[in-house]
Amino acid sequence: MPPGLSDLIEETKLAASALLDYSGSLINPTVRLGVTGLSRAGKTVFITALVHGLLRGGRFPVFEALSSGRIGSTRLEPQPDDTIPRFDYENHLAALIEERRWPASTVDISELRLVIDYQRRSGAMRTLTLDISDYPGEWLLDLPLLDKNYEQWSAESLALSREGPRKRIAADWHAHLATLTPTGPADEQATLTAAKLFTAYLKACRDEQYAMSLLPPGRFLLPGSVAGSPALTFAPLDVPVDGSAPSGSLWAMMQRRYDAYVSALVRPFFRDHFARLDRQIVLVDALGALNAGPDALHDLQAALNAIHDCFRVGQRSFLSALFRPRIDRILFAATKADHLHHLNHDRMEAIVAHMVRQATERSQSAGAAIDVVALAAIRATREARVQRGREDLPSIIGTPAAGETSNGTVFDGKTEVATFPGDLPDDPAALFAPGSAFKGLSHTGHDDADYRFLRFRPPPLERGPDGEPAFPHIRMDRALQFLIGDKLE
Ligand code: GDP
């Protein structure tokens, strides 16, 4: 099929599904909220806490519709898409409440439908349907592949792997790559080995110590339901960007599989899920990157901008020309703010705002509203002042999960510890300046152990405003107000 024709069919499919969504939403207003973020950014915890707060009347003073009593009832209903797994809300909640442990993280796309009965400010009763779509940010970072061929992707991936700490992590894969002849005959074993080493490199980059963010193809890290298929068995080759692969060559085989990856996985994800979202929250583990150091921070910045550009992919399409830029609000949320004293929450927001500043300016000119918040979906710590010598330090207190940390400190999972989390710099620009002196938060506790990678257990439930059990949180209500507040006016 000529490429122009297949694009046209693709666009017609998009327009048809948009029309269906649109006509449905005239009768019954629906918001499709995408929740994304890289692995372990906090998507599962965020959605579980959000749904629990809406169903059980959480303590959300800034979320006006709820705090003013205009929300009558909220309930779960069967989701609209039969082929997507349901977000496992009940089990995630049980883990948090009954076992006081964090639920299992997102590894695939999932969906949940909430129906909210509310009273408009004018007094009329209405119903808002909120479809929450949880999907790995790694898949989002694949969307730019829609505009790239195998040769361009290879060249970019190789260039990136030769920079900074990535170069060392990529050593084994690079050594194998040097033994390959792209124009030589296709070789399944060599391809398998290359894909294995390339995937190991991506995984090692993701490791807590390096905390790199920009690592497409995303399904190499989070395969969802397609683990082990040939569409995941390829790797970059050192080939010219404008060259063409001789038929029957190793290069041609890699190229075919890359094309299969894009057409069978990336394009349907874009068409069936991403292009149908109205609102988006991007969760960011900025603390993880801050703790890993300047390289991780720069990498996160590049990933956030790439994520942001994906939303522009949506806006450029035929579909939005017909209707509107579909995603009209994007919230970048730095998660796990309960690892910081509240004096640093605004600084955290300023750092994330700095990272997405240029991207934000571009989007605002395209009509989308963007905001940044530092939040904790579930606040696992409380605050205290701790005297150390002559110093009175603004500290946090929580119960570390049982086990041994990377530096050998052992916790029993019951005893609380107080830790001074350190201060974030007040000038975010200085953080990103070449030669920045910031080497991560100190997180030294009473015994000077390294508390940087400490995982606190979830807290017990507290009593909410109506006596209902509620999770303590930080700024969840601000996030909700931005994401759906206007739809409940
Ligand atoms: P996902 O991969 O994006 O679904 O990430 P999760 O929601 O599973 O979160 C990953 C981990 O981050 C959890 O297991 C918790 O250890 C931690 N975490 C997430 N949200 C919070 C939060 O609000 N507070 C604290 N203290 N830890 C959190």
Side-chain angles (χ1 to χ4, degrees), residues 34-53 58 85 87-89 91-93 95-96 99-112 132-141 206 208 211 213 215 218 221-222 224 280-289 291 300 303 307 332-342 345 348 373-383 396-403 405 411 413 416-417 419 421 441 443 451-462 470-479:
V35 179
T36 196
L38 298 173
S39 176
R40 307 204 61 75
K43 299 179 287 297
T44 311
V45 175
F46 175 84
I47 297 173
T48 309
L50 180 146
V51 173
H52 185 258
F87 180 82
D88 197 2
Y89 169 68
N91 271 324
H92 294 328
L93 190 67
L96 283 162
E99 298 173 50
R100 274 191 64 195
R101 67 169 173 82
W102 299 104
S105 299
T106 302
V107 289
D108 205 338
I109 189 161
S110 70
E111 211 173 68
L112 196 68
I132 301 175
S133 170
D134 171 25
Y135 65 93
E138 285 80 356
W139 296 10
L140 191 58
L141 284 171
R206 192 73 201 112
E208 211 167 57
S213 304
L215 302 161
L221 292 172
L222 283 174
Q280 178 68 57
I281 178 166
V282 180
L283 301 175
V284 186
D285 183 6
L287 272 178
N291 281 332
L300 178 62
I307 285 181
F332 286 95
T335 52
K336 313 181 198 180
D338 55 334
H339 286 247
L340 293 170
H341 194 269
H342 75 267
H345 293 164
M348 186 59 151
V373 65
L375 59 76
I378 296 186
R379 176 181 200 155
T381 65
R382 52 201 165 78
E383 296 188 346
I396 55 171
I397 297 177
T399 311
T405 62
F411 294 107
E416 288 194 322
V417 302
T419 156
L441 289 160
H443 275 254
Y451 279 65
R452 275 183 301 169
F453 304 116
L454 208 56
R455 276 173 57 131
F456 294 107
R457 289 183 68 191
L461 287 169
E462 292 178 351
F471 286 110
H473 66 87
I474 296 169
R475 298 183 180 176
M476 273 295 266
D477 45 351
R478 225 182 90 190

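Both counts, for ligands and for their atoms, begin at 1 and track the order of listing.
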Work out whether the distance between some heavy atom of His473 and some atom of ligand 1 is less than 4.0 Å. no
Counting only N and O atoms by type, is there a donor-acceptor contact under 3.5 Å from the side chain of Lys43 to the main-chain atoms of Val35? no
Heavy-atom nearest pair, Ala49 first then Ile378, reads CB-CG1, 3.8 Å
Atom 18 (N) of ligand 1 sits nearest the protein heavy atom Lys336 CE, 3.7 Å
Within less than 4.0 angstrom of ligand 1, does Gly37 place any heavy atom? no
If we only count N/O pairs under 3.5 Å, is Ser105 in contact with ligand 1? yes
When you compare ligand 1 with Gly42, is there at least one nitrogen or oxygen pair between them that comes in under 3.5 angstrom? yes
Do Ser105 and Arg40 get their side chains close enough for a donor-acceptor pair, meaning under 3.5 Å? yes
Using modelled atom types only, decide if a donor and an acceptor are shared between the side chain of Glu138 and the backbone of Leu221 within a distance under 3.5 Å. no
Looking only at non-hydrogen atoms, the one of Ile474, Ile378, Thr381, Asp285 nearest atom 24 (N) of ligand 1 is Ile378
I want to confirm something. Looking only at heavy atoms, which of Val107, Thr48, Thr44 is nearest to atom 4 (O) of ligand 1? Thr44
Numbered in order shown, the ligand 1 atoms found under 4.0 Å of a heavy atom of Ala380 are 26 (N)
Quick check: Val45 and ligand 1, any N/O pair under 3.5 Å apart? yes
Which atoms of ligand 1 sit under 4.0 Å from any heavy atom of Asp338? 24 (N), 25 (C), 26 (N)
For the ring pair Tyr89 and His52, is the centre-to-centre distance below 6.0 Å? no
Do side-chain atoms of Arg100 reach the backbone of Pro458 as a donor and acceptor pair under 3.5 angstrom? yes
If I apply the N/O under 3.5 Å rule, does Arg40 come out as touching ligand 1? yes
